[in-house]
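Accompanying notes for the structure given below.
Order of the sequence lines fixes the chain letters, A, B, ..., with proteins taken first and strands second; residue numbering starts at 1 for each chain.
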Amino acid sequence: MPSQALPGFRDFYPDEFLLRAHIFRVWREVAARYGFEEYDGPPLEPLELYTAKSGPEIAGQLYGFVDKGGREVSLRPEMTPTLARMVAARANGLRKPIRWFSVPQLFRYERHQRGRLREHFQLNCDLIGEPGPEGDAELIALAVDIMRAFGLTERDVRVRVSDRRVLNALLLGGGVTEAQLPAAYAAVDKLERSRREELTAQLAAGGIDAAAADGVFETAAIRGAPALAAALEGVPGGAEAGAPLRRTLAALDAMGLGGFVDVDLTIVRGLAYYTGTVFELFDASRTLRAICGGGRYDNLLLSLGGVDLPALGFGMGDVVLGELLKERGLVPSGTASIDVFVAAITGDDVPHVLALAHELRDAGLRTEYALNLQAVGKQLKLADARNARIAVVIGPDDRARGEVMVKDLAAKQQRAVPRAAVVAELQTGIDTRPGT
RNA sequence: GUGGUUGUAGCUCAAUCGGUUAGAGCGCCGGACUGUGGCUCCGGAGGUUGCGGGUUCAAGUCCCGUCAGCCACCCCA
């Protein structure tokens with residue numbers, strides 16, 4: 001028997017599943033707060049659904065194979081093509097803007113490393129049918145509020161925002177031609193990780209001379225809205241190109257979330273389909289990969305699904321986010337816990353334990369008992385190990401008086417309670433405790 | 001796909017120059033403890049030293065290969 005999961009795949013033991021469940025719960029709660037509805041699609045799709053968007057070379061990165069019917073298929077590497085198909089099929093009947101989210105497990109056949117596996121869960125939130133920049137603000141705010149719901153502050157995570165329209169205007173205004181834009185984008189993307197001489201050489205290979213290259217570097221170095229506005233004044237069409245981003249930032253400020261946001265033109269993301277705002281969320285110390293990334297892709301639904309709707313969305317994976325939460329101690333406690341443990345003194349008490357335990361379970365209390373008769377001390381030890389709050393001990397003497405012993409395990413106190421009253425008492429007693 | 005680096009018990013680690021039967025702590029199981037828990041003490045299980053080959057009288061230790069983890073690149077969710 002293989003002793004471990006496939007490379008890049010994870011086993012979730014109960015204490016690890018706790019974190020995953022916590023992440024999913026927060027994702028769904030906050031998405032619901034923004035009026036987003038959950039959807040899902042198949043985890044396995046025709047291969048061409050993905051090659052249509054990104055070209056045949058993408059197939060090398062896909063978890064694809066030929067199925068028993070001879071079809072070329074792939075586990076889904078992303079959700080957007082599925083979403084595009086679903087929206088296109090019912091586009092006329094859906095009220096706009098469409099606010100949908102999903103939590104798919106996605107797959108990529110790639111060499112894995114920290115924060116990047118062959119499988120992950122990713123919250124996808126998309127807003128479809130809204131062209132205005134307030135929609136961009138809405139989506140960024142959703143991503144930020146998810147961070148806040150996890151207990152992360154603006155000192156923990158930063159949103160770095162750029163805009164294709166802005167970067168295009170500045171690069172073209174700085175002497176880069178339309179055809180040279182991809183090379184310029186690649187250099188902007190690598191600016192933080194590579195040395196400037198290497199990038200200059202790469203830009204030269206792309207036909208961009210030294211003077212224009214300096215312009216690229218200057219543009220990429222712009223930080224903050226005022227500096228960006230100043231730079232835009234100096235290029236043709238700059239004011240117009242900068243207007244949407246300005247309104248998006250103003251809306252975020254009005255929501256009180258402006259403190260999370262940095263204007264940073266080195267955020268590039270996939271060249272293939274973003275058309276406007278692009279943004280990524282990072283941990284403030286920047287030791288991890290991006291937590292979240294997204295932007296506006298106004299042409300994609302037309303090219304994929306044949307429906308012309310503006311759209312924007314983001315994806316937020318569980319792996320990097322989970323690492324950050326662990327790093328900051330923001331994970332729920334790793335121990336399983338129950339409400340009540342019922343213990344028997346003798347074998348004659350066991351049926352009464354079963355009866356009471358079942359009544360407690362019917363009353364909604366998390367209840368356990370020892371599955372085989374053992375010493376009371378053993379049973380209480382088990383109750384401790386399961387983090388029970390209350391132990392109920394049933395013995396012959398108590399039963400003769402029509403009572404059971406109710407023991408508060410934390411307070412180390414116990415008292416006799418009439419058998420007939422114990423379920424109601426425990427139910428209210430436990431429900432009214434704070435912090436449950 | 002390329003390069004670097006690391007693999008010893010469930011976990012964290014130890015094992016001198018290559019030298020006897022690979023150890024410890026935590027965790028797990030059992031006992032001390034048959035009407036009352038956390039502590040303590042005692043005992044036990046658990047290892048093909050990732051796997052395969054080579055060198056050697058002798059390999060956890062040295063060499064080669066391979067697999068896996070980690071890091072960087074490529075690429076991006």
Would you say the side chain of Gln61(A) lies within less than 4.5 Å of the side chain of Pro77(A), judging by non-hydrogen atoms?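 Pro77(A) vs Gln61(A): side chains apart.
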
Among the candidates U36(B), G69(B), C76(B), find the nucleotide nearest to the side-chain atoms of Arg108(A).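 For Arg108(A), the side-chain atoms sit closest to C76(B).
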
Choosing from A77(B), G38(B), G35(B), which nucleotide comes nearest the side chain of Arg269(A)?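 Of the candidates, A77(B) comes closest.
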
May I ask you to say what [X] touches in the nucleic acid, namely base, sugar-phosphate or nothing, with a heavy-atom cut-off under 4.0 Å?
X: Ile291(A); result: nothing
X: Gly347(A); result: nothing
X: Gly395(A); result: base
X: Met316(A); result: nothing
X: Asp398(A); result: base

Rounded distance (Å) that lies between atom [atom2] of [N] and atom [atom1] of [X]:
X: Lys190(A); N: A72(B); atom1: NZ; atom2: P; value: 16 Å
X: Leu382(A); N: G30(B); atom1: CG; atom2: C1'; value: 15 Å
X: Leu199(A); N: C73(B); atom1: CG; atom2: C1'; value: 14 Å
X: Arg116(A); N: A72(B); atom1: CZ; atom2: P; value: 11 Å
X: Leu321(A); N: A77(B); atom1: CG; atom2: P; value: 19 Å

Decide yes or no, distance alone: a donor-acceptor N/O pair under 3.5 angstrom between the base of [N] and the side-chain of [X].
X: Lys412(A); N: G38(B); value: yes
X: Gln414(A); N: U36(B); value: yes
X: Glu110(A); N: A77(B); value: yes

Let's test your reading of the pairing rules: Watson-Crick or G-U wobble, both distances under 3.5 Å, then write RNA chain B as a dot-bracket string with ( ), [ ], | and dots. (((((((..((((.....[...)))).(((((.......))))).....(((((..]....))))))))))))....

Between Lys378(A) and Ala375(A), which is nearer to the 5' end of RNA chain B once each is assigned its nearest nucleotide?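 Going by which nucleotide is closer to the 5' end, it is Lys378(A).
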
First encountered from the 5' end of RNA chain B, between Ala410(A) and Leu106(A):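 It is Ala410(A) whose nearest nucleotide is closer to the 5' end.
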
Gap separating the SG atom of Cys292(A) from the CG atom of Leu123(A), nearest 0.5 angstrom: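 Rounded to the nearest 0.5 Å, the SG-CG separation comes out at 8.0 Å.
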
With side-chain hydrogen bond (donor to acceptor under 3.5 Å, both in side chains) as the criterion, how do Asp348(A) and Thr346(A) come out once you've worked through the C-alpha distance, each side chain's angles and the decisive distance to 0.1 Å? CA-CA 5 Å; Asp348(A) 290 342; Thr346(A) 70; 4.7 Å; no

Please give me the minimum heavy-atom distance between Val278(A) and Ile267(A), naming the atom from each residue.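 Smallest heavy-atom distance, with atoms named: CG2-O, 3.6 Å.
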
Please answer whether the main-chain N or O of Gly322(A) pairs with a side-chain N or O of Asp318(A) as donor and acceptor at a distance below 3.5 Å.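 Flag not set: sc Asp318(A) to bb Gly322(A) has no pair under 3.5 Å.
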
Quick one, Phe24(A) with Phe121(A), criterion ring-ring contact (aromatic ring centres under 6.0 Å, His included). Give me CA distance, side-chain angles, the key distance, then yes/no. CA-CA 9 Å; Phe24(A) 284 16; Phe121(A) 292 93; 5.2 Å; yes

Among residues two or more places apart or on two chains, list those pairs meeting ring-ring contact (aromatic ring centres under 6.0 Å, His included) that have a residue in residues 287-315 of chain A.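 Every ring-ring contact (aromatic ring centres under 6.0 Å, His included) pair that includes a residue of residues 287-315 of chain A, provided the two are not neighbours, is Tyr273(A)-Tyr297(A).
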
